[in-house]
Amino acid sequence: MSTPSPAATPPPGASHTALDRDGGAGLPLAGDPERRPGLGTAAALGVAVLVGLLWGAATSLLQTVLPSPFAGLANAVAPWVAPAFAVGALIKRPQVAAAAGVLVCFGEVGGYYLLSLVRDFGVNPATVVLWAATGVIGGPVFGAAGWCWRHMESLRWAGLSAALLGGVFLAEGAIGYGVYLHYTGDAVVFCTIGALLAVALGATAPAARTARTPGRGIGTALAWLLVVFPLGAAGEALLHAVVT
């Protein structure tokens, strides 16, 4: 009986993954142990609700103290979905990350409007429904994107995740604040944050660090922005049409 060559025999404890065409590894194969730790289901959902409540309440407070051109950061979609991305990156399972993204957004709605009531501000039920609806749509997308950015071994998936978070700031800045509201300062702030997020997340994604190719991570994220930005711009146009 022939003995397998050392090259064909994986070292003890090695993880078997499907190779991706971009040179990174693809999805972990079924049965593989998850290589990066993360929050379990109960802890993840609890953290999601807590983060949402705190960030929603903080947004209510920041609206009265942030100066121009930063005031828009306390009254926009992009800063509300960013915590869903961050929480999703901390979670062990992708399905839980998506659910946690929804809970983060619902918590933000609850925290914001509860504190608004305490501060004796009026609450419009239609606005509550609108923001809750955006959470149903954006929460799972950005929760799952955060999970993909940290756990996927493909630069393509990591780059898409980075582009999603950077792109939502870019689209809201360029279209929401630039085209519709004509708030130049706010538009510059949002677009700057979006560009920095896409570059930073592309460079620091675990897939890019594993492959030691931060430049490729950045390039992949910027390439995905060519797809993400038009979709985000369309979403901004739809949201503007609904609100007005």
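Heavy-atom basis, side chains included; hydrogens, waters and symmetry copies ignored.
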Please examine the side chains of T59 and L73, heavy atoms only from C-beta on, and report whether any two atoms are closer than 4.5 Å. no

Kindly write out the residues that satisfy side chain to side chain contact (heavy atoms under 4.5 Å, CB included) with P140, not counting sequence neighbours, or none if the list is empty. A98, V102

Counting C-beta onward and ignoring hydrogens, is there a side-chain heavy-atom pair between N124 and V128 closer than 4.5 Å? no

Can you see which heavy atom on A203 is nearest to which on R209, and at what distance? O-CG, 4.4 Å

Please test L164 against F85 for side chain to side chain contact (heavy atoms under 4.5 Å, CB included), starting from the C-alpha separation and ending with a verdict. CA-CA 10 Å; L164 280 172; F85 184 100; 5.8 Å; no

For a quick test of reading the model, state the closest non-hydrogen atom pair linking L160 to W224 and the distance between them. N-CD1, 3.3 Å

Which heavy-atom pair separates E172 from A76 by the least distance, and what is that distance? OE2-CB, 3.3 Å

Flag yes if L201 and L170 sit in one hydrophobic cluster, no otherwise; membership is Ile, Leu, Val, Met, Phe, Trp, Tyr, and two members link when side-chain heavy atoms are under 4.5 Å apart. no

Given Y177, which partner from the list F190, F169, F70 fulfils the ring pair (Phe, Tyr, Trp, His ring centres under 6.0 Å) test? F190

Flag side-chain contact, heavy atom, 4.5 Å: P94 against H151: no

Closest heavy-atom contact between A100 and V87? CB-CG1, 4.3 Å

So, do Q63 and N75 sit near enough that their side-chain heavy atoms are less than 4.5 Å apart? yes

Minimum heavy-atom distance between M152 and W147, given as atom pair plus value: SD-CZ3, 3.7 Å

Minimal non-hydrogen separation, G185 against P69, with atom names: C-CB, 3.4 Å

Which atom pairs, one a donor and one an acceptor, fall under 3.5 Å between side chains of residues 114-122 and the rest of the protein, sequence neighbours left out?
from : atom 1 : to   : atom 2 : distance (Å)
S116 : OG     : Y112 : O      : 2.8
R119 : NH1    : S60  : O      : 2.7
R119 : NH1    : S60  : OG     : 3.1
R119 : NH2    : T64  : OG1    : 3.4

Residue pair W149, L165: steps toward the side chain to side chain contact (heavy atoms under 4.5 Å, CB included) verdict: CA-CA 10 Å; W149 175 82; L165 189 57; over 6 Å; no

